[in-house]
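Numbers here are sequence positions counted from 1. Computed over heavy atoms, backbone and side chain alike; hydrogens, waters and symmetry mates excluded.
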Amino acid sequence: FAGTPGDPTDASPANGAVDVGLAPILSWTTGGNTASYSVMLADNDTFTNPILDVTTANTSVASPVALNPESQYWWSLTANSPCGATTQQVYMFTTAQVFCESPGVGIPDNDPAGLDSSMGISSFGTITNLDVGLDISHTWVGDLTITLTHEDTGTSVVLADRVGGSSCGGDDINATLSDSGTTPIGSACADAVPAISGLLAPDNALSAFNGEDLSGTWTLNVADSVGADTGVLNGWCLIPSVTGGGNGPTIAVTPSNILF
């Protein structure tokens, strides 16, 4: 190392960023002469009880959990080398708005047509990232296939084809699906309730919706492919990051009984 490390640049999310997804990847560009980076993420500017506190040689790190919607968070970055360290840089950002439906409707058993639940969004803006929250009660989650469709564009993504694998006989789903997830939903079956939980990657990338306008009708289809075990679609949420956005006359709110 030729000297003390240079200050990292191009931090993302940048200070003051809004509409940040609930599973952000914190990233930056090296300033050179750096052996490692100290990174923290917290819901307060004193970094008490941080969500993330790591040292890494990489120039990016993902949040280990899904963050709360419409909330402020702070993250800090320090570059280290044997010759010293940079001054801690601190960035504040606000997470995205969430749009939710709470149908509380039974999923037809052994019916490939499944259950459709639709929501209309009047807020607009170009999608740059989309996460999906799921709250489903079911006594054998491996029976389920879950598909999201943007009716106005025709784009459709299979989020989970036989959740957790067809042999996943556990109960219930309470999870956030994000392209930033490191564990695929197809291998997330746990010996616990809910069997599917936490921050997970969908079977197919949600980035298929990037570049589309948020507004319009969105439909979640949940199909149960096998008889006997049954369940209920309690609720689901869209968690978008958009550019050039604005609110229409109706803004959906997060149901108090849904925790992803």
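- Contact between Ser156 and Thr149 at its shortest, heavy atoms only, is OG-OG1, 2.9 Å.
- Legend: residues meeting side chain to side chain donor-acceptor pair (under 3.5 Å) with Asn210, ordered by chain and number and at least two apart, are absent.
- Taking OG1 of Thr86 as the reference point, atom CG of Asn33 lies at 11.5 Å (rounded to 0.5 Å).
- A heavy-atom distance below 4.5 Å is found between the side chains of Ser123 and Phe99.
- Of all non-hydrogen atoms in Leu238 and Val132, the two that sit nearest each other are CD2-CG2, 4.0 Å.
- Residue pairs meeting the disulfide bond (SG atoms under 2.5 Å apart) criterion with at least one member in residues 15-50: none, sequence neighbours excluded.
- Considering only residues two or more places apart in sequence or on other chains, Trp140 meets the ring-ring contact (aromatic ring centres under 6.0 Å, His included) condition with none of them.
- Residue Asp143 holds its CG atom at 4.5 Å from CG of Asp224, rounded to the nearest 0.5 Å.
- With sequence neighbours excluded, no residue forms a side chain to side chain donor-acceptor pair (under 3.5 Å) with Asn49.
- Taking the side-chain contact (heavy atoms from CB on, under 4.5 Å) definition, one finds that Ala17 meets it with Pro13, Val20, Phe93, sequence neighbours left out.
- Criterion: ILVMFWY side-chain heavy atoms under 4.5 Å apart, direct or through other members. Under it, Met119 and Leu130 are part of a common hydrophobic cluster.
- Linking ILVMFWY side-chain heavy atoms closer than 4.5 Å, directly or via other members, places Trp28 and Ile51 in a single hydrophobic cluster.
- Here the straight-line distance linking atom CD1 of Ile136 with atom CG of Asn174 works out to 10.0 Å at 0.5 Å rounding.
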Evaluate side chain to side chain donor-acceptor pair (under 3.5 Å) for Asn44 paired with Thr46, printing each intermediate quantity in order.
CA-CA 6 Å; Asn44 60 86; Thr46 61; 2.8 Å; yes
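- In terms of modelled atom types and a separation under 3.5 Å, the side chain of Ser215 and the main chain of Ile121 share no donor-acceptor contact.
- Both Val90 and Met92 belong to a single network of hydrophobic side chains, linked directly or stepwise wherever heavy atoms of I, L, V, M, F, W or Y lie under 4.5 Å apart.
- By the 4.5 Å heavy-atom criterion applied to side chains, Ser63 and Leu41 are counted as neighbours.
- What you find for Trp75 and Ser12 is that their closest heavy atoms are CZ2-O, 3.6 Å.
- Closest non-hydrogen pair, Gly142 versus Arg162, comes out as O-NE, 2.6 Å.
- The ring-ring contact (aromatic ring centres under 6.0 Å, His included) check on Phe47 picks up nothing, with sequence neighbours excluded.
- Rounded to the nearest 0.5 angstrom, Thr153 OG1 and Trp218 CH2 are separated by 6.5 Å.
- Screening residues 108-118 for side-chain hydrogen bond (donor to acceptor under 3.5 Å, both in side chains) gives Asp116-Asn221, Ser117-Trp236, Ser118-Thr219 as the qualifying pairs, with residues at least two apart or on separate chains.
- Between the side chain of Thr95 and the backbone N or O of Asn68, at least one donor-acceptor pair lies under 3.5 Å.
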Check against side-chain contact (heavy atoms from CB on, under 4.5 Å), Val163 and Ile173:
CA-CA 9 Å; Val163 174; Ile173 302 169; 3.9 Å; yes
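- The side-chain contact (heavy atoms from CB on, under 4.5 Å) test applied to Asp53 returns Met40, Pro50, not counting sequence neighbours.
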Which donor-acceptor pairs under 3.5 Å do the side chains of residues 179-203 make with protein atoms, sequence neighbours left out?
unit_1: Asp179; atom_1: OD1; unit_2: Leu206; atom_2: N; d: 2.9
unit_1: Asp179; atom_1: OD2; unit_2: Leu206; atom_2: N; d: 3.3
unit_1: Asp179; atom_1: OD2; unit_2: Ser207; atom_2: N; d: 2.9
unit_1: Ser180; atom_1: OG; unit_2: Ala23; atom_2: O; d: 3.0
unit_1: Ser187; atom_1: OG; unit_2: Pro184; atom_2: O; d: 3.4
unit_1: Asp203; atom_1: OD2; unit_2: Asp161; atom_2: N; d: 2.7

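- Taking CG from Leu233 and CD1 from Ile146, the interatomic distance works out to 8.5 Å, rounded to the nearest 0.5 Å.
- Within the 4.5 Å cutoff, no side-chain heavy atoms of Thr147 are placed close to those of Leu220.
- A donor-acceptor pair is defined here as one N or O able to donate and one able to accept, closer than 3.5 Å; no such pair exists between the side chain of Ser178 and the backbone of Asp131.
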Output, in order, the C-alpha distance, side-chain angles, deciding distance and verdict of side-chain contact (heavy atoms from CB on, under 4.5 Å) for Val54 and Tyr37.
CA-CA 8 Å; Val54 298; Tyr37 301 91; over 6 Å; no
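- Contact of the Val39 side chain with the Leu26 side chain is registered, since non-hydrogen atoms from C-beta on lie closer than 4.5 Å.
- In the hydrophobic cluster analysis, where Ile, Leu, Val, Met, Phe, Trp and Tyr join through side-chain heavy atoms closer than 4.5 angstrom, Val158 is grouped apart from Phe209.
- In terms of heavy-atom proximity, Ser137 sits nearest to Asp172 at CA-OD1, 3.2 Å.
- For the pair Pro64/Leu52, a side-chain contact is recorded, criterion being any heavy-atom separation below 4.5 Å from C-beta on.
- Here the CG atom belonging to Asp19 is positioned 8.0 Å from the OG1 atom belonging to Thr128, to the nearest 0.5 angstrom.
- Under the ring-ring contact (aromatic ring centres under 6.0 Å, His included) criterion, His138 pairs with no residue at all, not counting sequence neighbours.
- Side chain to side chain, Asn234 and Ser102 fail the donor-acceptor criterion of an N or O pair below 3.5 Å.
- Tyr73 places a side-chain heavy atom less than 4.5 Å from the side chain of Leu67.
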Would you check, one step at a time, whether the test side chain to side chain donor-acceptor pair (under 3.5 Å) holds for Asn80 with Ser38?
CA-CA 7 Å; Asn80 310 301; Ser38 300; 3.0 Å; yes
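- Considering only heavy atoms from C-beta on, Thr78 stays 4.5 Å or farther from Gln89 through its side chain.
- Taking each heavy atom of Ala85 and Pro5 in turn, the nearest pair found is CA-CG, 4.0 Å.
- Side chains of Thr59 and Thr29 form no contact here, defined as non-hydrogen atoms less than 4.5 Å apart.
- Evaluation of the side chain to side chain donor-acceptor pair (under 3.5 Å) rule for Thr139 yields Asp229 as partners, not counting sequence neighbours.
- Applying the side chain to side chain donor-acceptor pair (under 3.5 Å) rule to Gln72 yields no partners; only residues at least two apart in sequence or on another chain are considered.
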